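Note sheet for the following structure.
Quantities reported herein were computed from a predicted structural model and do not represent experimental measurements. In the text below, chain A, chain B and the rest are named by the order of the sequence lines, each starting its count at 1.
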There are 2 protein chains.
Amino acid sequence: MAPKSSTLQDVARVAGVSTATVSRTLSNPNVVSESTRTRVSEAVKTTGYRINRAARNLRTQRAHSVLVLLPDLANPFFSEILEGISRELSHRGYSMLIASTKQVHDSGERLLDYLDDARADGMIILDGGLDPDVVSMLENARQTKRILFACEWVEGADFPTVRCENRQGAREAVNHLYSLGHRKIAHVTGPEGNVLMHTRKDAFVAQISELGLELKPEWIIAGDFSISAGCAAAQAWIAMEDRSTAVFCASDQLAMAFIAELSRHGFRVPEDVSVMGFDDIDFAEQFIPALTSIRQDRLLIGETAANMLMGRIESPNTGGDEPIAIIPVSLVVRESTAAPG
Amino acid sequence: MAPKSSTLQDVARVAGVSTATVSRTLSNPNVVSESTRTRVSEAVKTTGYRINRAARNLRTQRAHSVLVLLPDLANPFFSEILEGISRELSHRGYSMLIASTKQVHDSGERLLDYLDDARADGMIILDGGLDPDVVSMLENARQTKRILFACEWVEGADFPTVRCENRQGAREAVNHLYSLGHRKIAHVTGPEGNVLMHTRKDAFVAQISELGLELKPEWIIAGDFSISAGCAAAQAWIAMEDRSTAVFCASDQLAMAFIAELSRHGFRVPEDVSVMGFDDIDFAEQFIPALTSIRQDRLLIGETAANMLMGRIESPNTGGDEPIAIIPVSLVVRESTAAPG
DNA sequence: TGAGCTTCTGCAATCGATTACATTAATTCT
DNA sequence: AGAATTAATGTAATCGATTGCAGAAGCTCA
């Protein structure tokens, strides 16, 4: 059978020192003498020693891992954020645990258990649509300092947050369409109750009015981030009395589904109507027509979130920490928008 | 500050029993008497006890978590597999760690450390393109039993594997195109050296010849699973002396990029050429034209992999375990394929 | 009645690393 | 030279749950 892997004791024996010295050599090399340092290093090599994290975690009361909580694992929007988080975490020797809110809820698992049972040192939540009950549990938890929201957030609750410039993005979208010559601009919103939906919609409305444009009520189409909502929105657009010449969708997925449905009904984008999205997911570039969108740097969002959380975990008392990071967005112009016909 | 969370000791004190009894009540309730069982349960409730996993992990020599290794976190193909894995793991009280091979390699982290340092009980690898050095390290590891490949695998190395019926899928693709009336069928392959690429290509060639069809060398277009490869393949197709009337691409992403590039050059799908993919990713349905594809049940792949691994972790000596699971595929016909013009 | 079982519970060692405190050796200072 | 300081290492307690072993209590049966 497999020989047990070696422990600090083994290394200590081989090097002829105490376990304390070995431990120190590993975690704080400059407090031991040059000679023991090399002796220990050699012993580590010959024994093939690997630290036992369970033991370390128990002793140090740290899990050296972070939980990332998604609304839905199967949604590609999040993967790049994960990449960013993971990159930053692994730099610092942390691992990344993943769970989806849906699942956690279904299995009756308590979210806080991750923190309470020493499985994770902190959590990054990518879901602003958490149950209010859950949110208030989080707020009252002992570990509030170690919870952070990214991308989405919960209005009213004050957790530190990393988010992109949603307002700015929506305004740029409107400006882009305006500068192409559009004066009748519609908006397909995200899901009711979602913070991003509200932020983007409000900014959209504000910018429309700032430009002095008309905004018919039917030009605000209620949707959500799903594919089917995009199809429904397209039908709503088709049924309009007075159709807008441009449509700003609250997400790329929505925009693509919107365009797809339109095309099934014989409309062409951008000839018949300009359509743009939000997010700039990988696929936007590949879509036909290539999608004009507002780009979120998802890698950066992930990295920033991880960074911020680690800071709070590793030095919990550094007070003046800015609890909000805002990541800039940028307009990416492609083929789905053009001057009105 | 935060009151420390309570421990077994606290529960024991409140219930008036020893820690041993509490522990037993929790893990093996039927060995303790009814009366103490209820007493302990109450004490658990009043103290708000949560088990400390670090302590349990140390004592039991289990991490109660599994590492999933991806080639690339930002690739949406994998998300649904993750969902499947995660679902199965959380049922059993395990957590899911995620890392990408790229990252692990970049950061000089040893892959086996996850197993050696008691961070994970096993790993599911979704990347068949691992460095041969790494693979042989894995083969010689103490923990070989706890490593499993899913989707992709490494030719020659014998790790347990979960994969889909790649050969069958490729044959069905050819048959589908054949039954539509196509006689000149091309194939855009995956990346050189990739097992999926070879398996699918070989099956494609075999089925073509079984049907007695001609296969010009230029009809095998070397690609990889990237978007740019799809574009390049489209240019190759356009440049062909004798163009095929149908193209079977080794992945959906490839097929979509292929179609996109074609459309930029004025070709229409399926009017000018039928195109199909492999995988049936979420977006295939939404693409224009909606993509005909070979569907892999990625959720099932994930669940199966997790199940198999857990079995091997929890009862390492159950010998006769079938070390390969094959997940069926199915043809999904949509709009991107039609009878030749 | 008391030997032999069963059932339930407690004692205490254990997993492997960290770290406060004590100890020893070496160096500096007056 | 002897006191005081510094540097390097060792001793042993500790983190919190699990579990082999043993003891106590209750039962059965001859």
Quiz item: Which residue lies toward the 5' end of DNA chain C, N30(B) or R59(A), if each is placed at its nearest nucleotide?
Solution: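 Residue closer to the 5' terminus by nearest nucleotide: N30(B).
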From [atom1] of [X] over to [atom2] of [N], roughly how many Å is that when rounded to an integer?
X       : N       : atom1 : atom2 : answer
I51(A)  : dC15(C) : CD1   : P     : 17 Å
L8(B)   : dT18(D) : CG    : C1'   : 9 Å
L58(B)  : dA13(C) : CG    : P     : 17 Å
Q9(B)   : dT14(D) : CD    : P     : 11 Å
E34(B)  : dT9(C)  : CD    : P     : 11 Å
R39(A)  : dA8(D)  : CZ    : P     : 13 Å
D117(A) : dG16(D) : CG    : C1'   : 13 Å
N28(A)  : dA8(D)  : CG    : P     : 12 Å

Considering only [options], which nucleotide approaches the side chain of [X] most closely?
X      : options                   : result
N52(B) : dG16(D), dA17(C), dT9(D)  : dG16(D)
S33(A) : dC11(C), dA8(D), dG16(C)  : dA8(D)
R56(B) : dT18(D), dA17(C), dT11(D) : dT18(D)
V17(B) : dG16(C), dA17(C), dG10(C) : dG10(C)

Testing the 3.5 Å rule here: is there a donor-acceptor pair between the side chains of [X] and [Y]?
X       : Y       : result
S18(B)  : T21(B)  : yes
R119(A) : N57(B)  : no
T101(A) : D127(A) : yes

Quiz item: For the base of dG10(C), is there a side-chain donor-acceptor partner from R24(B) under 3.5 Å away?
Solution: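 A donor-acceptor contact between them is present.
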N or O in side chain of [X] less than 4.0 angstrom from [N] OP1/OP2:
X      : N       : result
S23(A) : dT18(C) : yes
S18(A) : dG10(D) : yes
T36(A) : dT9(D)  : yes
Q61(A) : dT14(D) : no
Y49(A) : dG16(C) : no

Quiz item: Do the side chain of N28(B) and the main chain of V31(B) share a donor and acceptor less than 3.5 angstrom apart?
Solution: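 Side chain of N28(B) to backbone of V31(B), a donor-acceptor pair under 3.5 Å: no, none is there.
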Quiz item: Between D117(B) and R53(A), is there a side-chain N and carboxylate O pair less than 4.0 Å apart?
Solution: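 Result for this pair is yes, salt bridge flagged.
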Exercise. Hey, which sits more toward the 5' end of DNA chain D by its nearest nucleotide, T19(A) or V32(A)?
Key: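 Mapping each residue to its closest nucleotide by heavy atoms, the 5'-most match is V32(A).
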